[in-house]
Amino acid sequence: MILPIIMAGGSGTRLWPLSRGNYPKQFLKLHGEKTMLQETITRLDGLDAAPVMLICNEEHRFIAAEQMRQLNTAHNGIFLEPVGRNTAPAIALAAFKALEENDDATLLVLAADHVISDKEAFQSSIKSAEALAQQGKLVTFGIVGHTPETGYGYIKRGQAVDSGYIVDRFVEKPDLKTAQSYITSGDYYWNSGMFLFKASRYLEELKLFRPDIYDACQNAVQVQNNDMDFVRIDRAAFEACPDESVDYAVMEHTQDAVVVPMDAGWNDVGGFAALWEVSEQDNQGNAFVGDVKSVDTKNTLVFGGDKLVTTVGVEDLVVIDTKDAVLVAHKDECQKVKQIVQQLKADKRSEVTFHREVYRPWGKYDSVDSGERFQVKRITVKPGAKLSVQMHHHRAEHWIVVSGTAKVQIDDTEQFVTENESVYIPITAVHALENPGKVDLELIEVQSGSYLGEDDIVRFEDRYGRIAGS
């Protein structure tokens, strides 16, 4: 049986300001009613496969767990990378873990942030590749390209073998003229970054070509800590692992690389131009999401937030509106968004990492307003959820319940606070907030004090195993 491994560790900087460090594109609803991660999981429905194993960064663990919970589907755990080390080590972690349970596991390695419109064609390519994987081949899926794309790497096919072709060579991103020749020849495929192989075979080849990565990952999984849905490994051992892609580490060197064609409406949504391409468009070529009104507008992508967005007399634009940032770019220049992100990083702007709305394991908060000595948040606590028992050295808090019922602990006192009621938490008071009800708890929090940073939290008890943060 196939064990799907979904890699969800990317940062998605080319889709800023929608995608940010603490909430990258794989967790966003960019194409359809589900997030990209959820679409990747549901795309496997009907395939003879085990529940998925997810690999993600430590800081995204609660977002990933919540999105898995929303699907109400079984999974094989959420493997946490202490630090990002690219795809070769990530797959090695999954392979070592899979072999603990099944010494003949066949891994289907998928990215969490791809759009695939033809589910049947997607599954058909996987099924046709299974026999090759059972023979010990390392299968990569080559996308049948219909246009010359300069943003993708390519795979040149060689001799036919069963349902695929021996890989002749991998090719870096070409210029337009070269890409056109690739498409015309019919011998080249776009490199999808999806794979199918036995866990044991991948580790054999990794040990052969990159023993340093093999050893570091093997050492890392020797120490495992299971925490709810999460599997943690030895941080120091994994930090010592080199940063390398699976293509450079294994696929370009192995003699057993095979490419199986896939023509399934694939797009890696690597930027806003790609997002426009996969979005539903009107008869003027416009793709609008949110509350949008336009006049004399053509071939434009507008991704709106909470506000009305209007356009007049424009063409080939990208307009992205979020609660705390707006991007306006020409569709042909969208790759330069990464340069904006670099500037923001240099200026140490929080917008690189955080949205105004921040998700936590217990719910979320929206930083509505702030000043020199105050901050106002709208807080949503899920039914049955509880914030940590905590204390602040520098700020007091005032909670006003908008809807639902709050169970509030302040030092040794416990009370219930309902709609249109409020409670005050003095500086240094030990306190906790819980939603004992069946519906979301909504409240307004007003913070006041000399320092309002998220790191002014001393935790005494936390059901989510956190040490810092809120």
Side-chain angles (χ1 to χ4, degrees), residues 5-16 19-27 37 53-65 67-68 76-98 100 107 109-113 193 195 202-203 206-207 209-250 338 341-342 344-346 348 350 352-355 358-361 454-455 464-470:
I5 307 298
I6 299 180
M7 297 184 292
S11 59
T13 55
R14 288 176 293 179
L15 289 176
W16 185 91
S19 176
R20 307 197 190 182
N22 80 323
Y23 211 88
K25 71 171 183 175
Q26 58 266 29
F27 302 116
L37 169 61
M53 180 189 298
L54 186 66
I55 304 176
C56 74
N57 296 337
E58 174 86 18
E59 61 266 31
H60 301 147
R61 65 193 187 281
F62 293 119
I63 303 171
Q67 294 198 357
M68 302 280 273
N76 267 307
I78 302 175
F79 220 99
L80 301 182
E81 292 181 294
V83 291
R85 286 293 183 264
N86 216 320
T87 52
I91 297 171
L93 294 179
F96 278 118
K97 184 64 176 177
E100 292 177 8
L107 308 184
V109 180
L110 304 172
D113 56 358
F195 306 93
Y202 175 74
L203 290 176
L206 182 67
K207 187 175 184 179
F209 298 112
R210 289 302 301 266
D212 52 347
I213 295 177
Y214 178 95
D215 290 342
C217 292
Q218 185 179 48
N219 292 336
V221 297
Q222 295 302 310
V223 179
Q224 295 185 26
N225 177 25
N226 295 306
D227 173 19
M228 298 188 292
D229 295 322
F230 311 121
V231 180
R232 289 183 171 87
I233 57 175
D234 187 281
R235 183 182 186 91
F238 194 68
E239 284 180 338
C241 183
D243 183 309
E244 191 62 276
S245 73
V246 61
D247 283 343
Y248 286 143
V250 173
K338 294 182 71 173
V341 173
Q342 290 169 359
L344 295 175
K345 286 182 177 178
K348 297 182 179 179
S350 64
V352 172
T353 304
F354 298 103
H355 283 278
V358 176
Y359 287 80
R360 296 301 191 196
E454 289 299 316
D455 55 349
Y464 309 108
R466 296 166 301 164
I467 297 174
S470 66

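Quick caveat: nothing in here was measured; it's all calculated off a predicted structure. The figures here come from the full heavy-atom set of this structure, side chains too, leaving out hydrogens, waters and symmetry mates.
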message: Under 6.0 Å between ring centres: does that hold for Tyr214 and Phe209?
response: no

message: Check for me whether the distance between the ring centres of Tyr359 and Tyr23 falls short of 6.0 Å.
response: yes

Would you compute the distance between atom [atom1] of [X] and atom [atom2] of [Y] and round it to the nearest 0.5 angstrom?
{"X": "Ile6", "Y": "Ile78", "atom1": "CD1", "atom2": "CD1", "value": "10.5 Å"}
{"X": "Leu80", "Y": "Asp229", "atom1": "CG", "atom2": "CG", "value": "10.0 Å"}
{"X": "Gln224", "Y": "Glu100", "atom1": "CD", "atom2": "CD", "value": "4.5 Å"}
{"X": "Ile91", "Y": "Tyr202", "atom1": "CD1", "atom2": "OH", "value": "4.5 Å"}
{"X": "Phe79", "Y": "Ile55", "atom1": "CZ", "atom2": "CD1", "value": "7.0 Å"}
{"X": "Leu107", "Y": "Met53", "atom1": "CG", "atom2": "CE", "value": "8.0 Å"}

- line: Taking every heavy atom of Ala249 against every heavy atom of Leu206, the minimum-distance pair comes out as CB-CD1, 4.4 Å

Using side-chain heavy atoms (C-beta onward) and a distance below 4.5 Å, is [X] in contact with [Y]?
{"X": "Glu58", "Y": "Arg235", "answer": "no"}
{"X": "Val246", "Y": "Phe195", "answer": "yes"}
{"X": "Ile63", "Y": "Leu37", "answer": "no"}
{"X": "Arg61", "Y": "Arg232", "answer": "yes"}

- prompt: Side-chain donor-acceptor pair under 3.5 Å between Gln218 and Lys207, yes or no?
  reply: no

query: Are there more than 12 heavy atoms of other residues, nucleotides or ligands under 6.0 Å from atom OH of Tyr248?
result: no

- prompt: What do the steps show when you test Val109 against Met7 for side-chain contact (heavy atoms from CB on, under 4.5 Å), and what is the final call?
  reply: CA-CA 7 Å; Val109 180; Met7 297 184 292; 3.4 Å; yes

